[in-house]
Novice: 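Handing you a structure now.
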Amino acid sequence: MPVNVLAAAAFVVAAYYNGAVPVEQIPADRLTDVIFAFGEPGEGNVCHDASPRQAAIFAQLRKLRAEHPHLRLLLSIGGWSAAPQFSDAALTATSRAAFARSCIASYIVREGFDGIDLDWEFPVRGGVSQNPHRPQDRADATALAQEIRSELDTLGAAAHRHYYLTAAVPAGRYENGGAYSASDSYDLAAFTKSLDWMNLMTYDMGTTFSPTSNFNAPMNEDPNDPTPAAQRIANNVTGAVASFEAAGVPASKIVLGVPFYGRGFTGVGSDRAGLYSSYSGGYPEVPWSVVSSRYLHDPQWERHWSDTAQEPWLYNAATHTFFSYDDPRAVAAKSAFVKRAGLRGAMFWVLGQDDAEQSLLRALSGPLLPSP
């Protein structure tokens, strides 16, 4: 019988999965966790049974787990524009209990998931403007996590096993509404106590919320970046992790986020090949598979590398476009940082964006997981 080398893996290597590729194409031998995105509460801000499409996918995921017993399946509740109305669900002790019990019944008991991932974007401020948000969301987020943790522990005690609770939390210092800190939304030290780990979204640091064109997921602070110092110092991977640790999140509970896509800016100037420029709009999110197969072979896109950011970028002088992305070299630097900083592991958004050779996943998982 083959040895299950990933069963006792020291690091988490998690992938968000939105159904964009068939389940049978998921590279389970290079992952410890698959996080399905997303589950959404319906009427009454409670979770209901899965849709027929979801139920079919969930059945396939359970089969995948049976074939790879080390694999954990988590269900992420939330997202960006389609996020549930968390502020209402978390508002009172009664609503929190109803939300927690319904989601656990729907996804843990009925569909066999190993845990829940909370993706509230975002308590208090910074998320989609039309979603309800209140000043008390900060305290309510902690109370909601505590309620879900308590319900999971009760279920786990009866089943003689552990159920997981994680949360996706933003790292970017510019969100909807301008300058931002995750501490605006969360009492991070208190919130984290209920979690097995935090999926730190150390990407989307250069978006159309930013004052100038910038990298999507830079490793380090660049003194040439004109972003105000209060935001610049933590608007990068190493600075973000340091700020979360300073706020009371243990390194052992931080799972570093890695983008398998790039994003950019249009209407940029030619100085610095479009970097740190004013801009007129955003350039669409593009998967690494498209960047590697098309953009890198198109002479209109001029490639550059930042030793500080540890990230490449492309500049198109004909269209005045700046585009930032992670390639295998950039991802390998992040994987090395996970080990060096003693973090819990790494996750990425999203399955289906890598190339056919799984170049990014190999660069990410190679240093963190034992060889198959």
Side-chain angles (χ1 to χ4, degrees), residues 14-23 26 31 33-62 64-65 71-90 96 98-123 126-128 130-133 137 141 144-145 148 152 163-170 175-176 185-186 195-201 203-204 255 257-261 285 287 347-353:
Y16 278 89
Y17 173 65
N18 62 2
V21 295
V23 169
I26 293 176
L31 300 170
D33 298 80
V34 172
I35 308 173
F36 181 85
F38 293 102
E40 304 290 349
E43 184 180 350
N45 295 310
V46 295
C47 293
H48 300 286
D49 290 345
S51 69
R53 175 182 177 273
Q54 286 180 330
I57 292 174
F58 296 166
Q60 294 168 17
L61 287 172
R62 291 193 298 271
L64 182 71
R65 183 180 55 192
L71 194 66
R72 289 182 291 252
L73 302 178
L74 306 182
L75 192 291
S76 185
I77 302 171
W80 179 249
S81 60
Q85 310 308 309
F86 271 112
S87 184
D88 292 342
R96 290 190 291 269
F99 178 86
R101 291 169 186 168
S102 67
C103 294
I104 289 170
S106 293
Y107 300 124
I108 305 293
V109 176
R110 294 192 187 100
E111 298 295 344
F113 280 87
D114 301 301
I116 287 174
D117 176 66
L118 291 174
D119 190 7
W120 183 349
E121 300 190 21
F122 306 113
V128 179
Q130 62 266 31
N131 280 355
H133 51 278
D137 288 346
L144 180 64
I148 298 173
L152 288 173
Y163 291 103
Y164 291 81
L165 178 62
T166 66
V169 176
E175 299 294 347
N176 192 12
S185 294
Y186 298 93
L195 306 179
D196 288 278
W197 68 77
M198 178 180 290
N199 291 309
L200 187 57
M201 295 189 283
Y203 41 73
D204 293 346
V255 168
V258 178
F260 277 24
Y261 63 90
E285 186 177 301
M347 64 83 172
F348 66 90
W349 180 272
V350 58
L351 276 166
Q353 294 185 319

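These figures come from a predicted structure and were not determined experimentally.
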Novice: Can you list the residues that meet the side-chain contact (heavy atoms from CB on, under 4.5 Å) rule with P22, with sequence neighbours excluded?
Specialist: E24, Q25

Novice: State which residues pass ring-ring contact (aromatic ring centres under 6.0 Å, His included) with Y107; sequence neighbours excluded, sorted by chain then number.
Specialist: none

Novice: In chain order, what residues pass the side-chain contact (heavy atoms from CB on, under 4.5 Å) check against A167, with sequence neighbours excluded?
Specialist: L118, V169, F191, L195

Novice: In chain order, what residues pass the ring-ring contact (aromatic ring centres under 6.0 Å, His included) check against Y203, with sequence neighbours excluded?
Specialist: none

Novice: For V23, enumerate each residue passing the side-chain contact (heavy atoms from CB on, under 4.5 Å) test, keeping only those at least two apart in sequence or located in another chain.
Specialist: Y17, I26, I57, Q60, L61, L64

Novice: As an exercise, state the distance from CZ of F122 to NE2 of H133, rounded to the nearest 0.5 Å.
Specialist: 12.5 Å

Novice: Taking side chain to side chain donor-acceptor pair (under 3.5 Å) as the definition, give me every residue that meets it alongside D88, ordered by chain and number, with sequence neighbours left out.
Specialist: R134

Novice: Which residues satisfy the side chain to side chain donor-acceptor pair (under 3.5 Å) test with E111, sequence neighbours excluded?
Specialist: R62

Novice: By ring-ring contact (aromatic ring centres under 6.0 Å, His included), which residues pair with F58, not counting sequence neighbours?
Specialist: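 So F58 forms a ring-ring contact (aromatic ring centres under 6.0 Å, His included) with F36, F113.
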
Novice: If the condition is side chain to side chain donor-acceptor pair (under 3.5 Å), which residues does R65 pass it with, not counting sequence neighbours?
Specialist: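 Scan of R65 (side chain to side chain donor-acceptor pair (under 3.5 Å), adjacent residues dropped) gives D114.
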
Novice: Going by atom types only, do Y261 and D204 share a side-chain donor-acceptor pair under 3.5 Å?
Specialist: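 Note: Y261 and D204 side chains meet the donor-acceptor criterion.
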
Novice: Under the side chain to side chain donor-acceptor pair (under 3.5 Å) rule, collect the residues that match up with D33, sequence neighbours excluded.
Specialist: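 Counting only residues at least two positions away or on another chain, D33 forms a side chain to side chain donor-acceptor pair (under 3.5 Å) with R72.
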
